[in-house]
Amino acid sequence: MTGRLAIVGLGPGAAEMQTPQAASALDAATDLVGYGPYLDRVAARADQVRHGSDNREELARARHALTLAASGRRVAVVSSGDAGVFAMASAVFEAMDSGAPEWRRVDAEVVPGVSAMFAAASRVGAPLGADFCAISLSDNLKPWEVVTRRLRLAAEAGFVIALYNPLSQARPWQLGAAFDLLRPVLPGSTPVIFATAVSRPEERIDIATLADADPARADMRTLVLIGTASWRQIERPAARPWVYAPRSMR
Ligand code: SAH
């Protein structure tokens, strides 16, 4: 029997930001695999087996999911946001690439989700309406020198930068170092948006400038958007300004 493996993006938090396709993939699963807090976002069902694990065990989790699927189970691996953006889809394909030949026969599917950058952008207007890039500030899987080079070149090239994994308890200094590195490259007036826990009850959106951006405003649930000189703001009475990237540079 050939099992199935769906790698499912759950969206940023709120149920209404989860796609119907994700809901069907979860519904069809006999087994759910993922980081515990993400599994907690899926309604419990007595006939489904849950395999929760620690956040750092992505490859082991991916192998476990492939083993279950190859044995005939219908498995859903869950990620927050989009399954392919700094998330489990890469770990599953890495495991498949170097793993048992029968894993390639598994009927696998990647189910996309609303990534944190899109949820965050929607709250402030249209900040990703022109060219942008996404960079994870975590140096768990790549050297910090690679991060700093990408940040500098992206800023020099005029990309809006969406920063994932800005900091955590184990990595408290990266976001401050990133701001320090960008300050000589970009004007101090460049807007910086801190979007924390978007679509969850604790949601908080702050707009600062690069000159006064305080890394302490961020935690591991924060997506940081670094703007460009092209961004415009529309002031509104008694509300946060709209921030948008015009479509044209002319
Ligand atoms: N696959 C996920 C990203 C996982 S990396 C996605 O596509 O969104 C984890 C990082 O995502 C966090 O450190 C944070 O930067 C961001 N993130 C995840 N959920 C978020 C939310 N609800 N609000 C703001 N940022 C979020």
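Ligands are counted one by one from 1 in listed order, and the atoms in each one are counted from 1 as well. In what follows, residues are counted from 1 in the order of the sequence shown.
- Nearest protein heavy-atom neighbour of atom 10 (C) of ligand 1: N165 OD1, 3.6 Å.
- Dense packing is recorded around CD of E202, with more than 12 heavy atoms of other residues, nucleotides or ligands lying under 6.0 Å away.
- Contact annotation: the side chain of S136 approaches that of K142 to within less than 4.5 Å [non-hydrogen atoms, C-beta and beyond].
- Of the listed options Y164, Y38, Y35, Y164 places a heavy atom closest to atom 11 (O) of ligand 1.
- V160 and F194 fall into different hydrophobic clusters, where Ile, Leu, Val, Met, Phe, Trp and Tyr residues are linked whenever their side-chain heavy atoms come under 4.5 Å apart, directly or through other members.
- A continuous path of hydrophobic side-chain contacts links L182 to L175 [ILVMFWY only; heavy atoms under 4.5 Å].
- Among the atoms of T196, none of the N or O lies under 3.5 angstrom from an N or O of ligand 1.
- At least one heavy atom of A197 sits less than 4.0 Å from an atom of ligand 1.
- Under a 4.0 Å criterion applied to the non-hydrogen atoms of R200, ligand 1 contributes the atoms 19 (N), 20 (C), 21 (C), 22 (N).
- R50 CZ: more than 12 foreign heavy atoms inside a 6.0 Å radius.
- In this structure, D82 and F118 have side chains that are not in contact, with every pair of non-hydrogen atoms separated by 4.5 Å or more.
- When only interatomic distances are considered, the shortest N/O to N/O separation between P12 and ligand 1 falls below 3.5 Å.
- Residues S199 and R123 form a side-chain contact, since some pair of their non-hydrogen atoms from C-beta on lies under 4.5 Å apart.
- Summarising the local packing, CZ of R183 is surrounded by more than 12 heavy atoms from other residues, nucleotides or ligands at distances under 6.0 Å.
- Looking at D27 and S24, their side chains never bring a donor and an acceptor atom within 3.5 Å of each other.
- Side-chain contact between F159 and T228 is absent, with no heavy-atom pair separated by less than 4.5 Å.
- Remark: distances from the non-hydrogen atoms of S80 to ligand 1 include one below 4.0 Å.
- The option with the heavy atom closest to atom 1 (N) of ligand 1, from among L10, V85, V198, is V85.
- The closest approach between any non-hydrogen atom of P166 and ligand 1 is below 4.0 Å.
- Residue contact check: M220 has heavy atoms under 4.0 Å from atoms 12 (C), 13 (O), 14 (C) of ligand 1.
- Across R171 and L137, no two heavy atoms sit closer than the pair NH1-O, 3.4 Å.
- In this structure, of S115, A120, G13, G11, the residue bringing a heavy atom nearest to atom 7 (O) of ligand 1 is S115.
- Looking only at heavy atoms of the protein, atom 25 (N) of ligand 1 is closest to R221 O, 3.2 Å.
- Residue contact check: F86 has heavy atoms under 4.0 Å from atoms 4 (C), 5 (S) of ligand 1.
- Within the 4.0 Å heavy-atom shell around ligand 1 one finds A195.
- Every atom of ligand 1 is numbered from 1 in the order shown, and the set under 4.0 Å from a heavy atom of A87 is 1 (N).
- Annotation for ligand 1: atoms under 4.0 Å from non-hydrogen atoms of A116 are 6 (C), 7 (O), 8 (O), 16 (C), 17 (N), 18 (C), 20 (C), 25 (N), 26 (C).
- Below 4.0 Å from some heavy atom of T222 lie the following atoms of ligand 1, by number and element: 14 (C), 15 (O), 25 (N).
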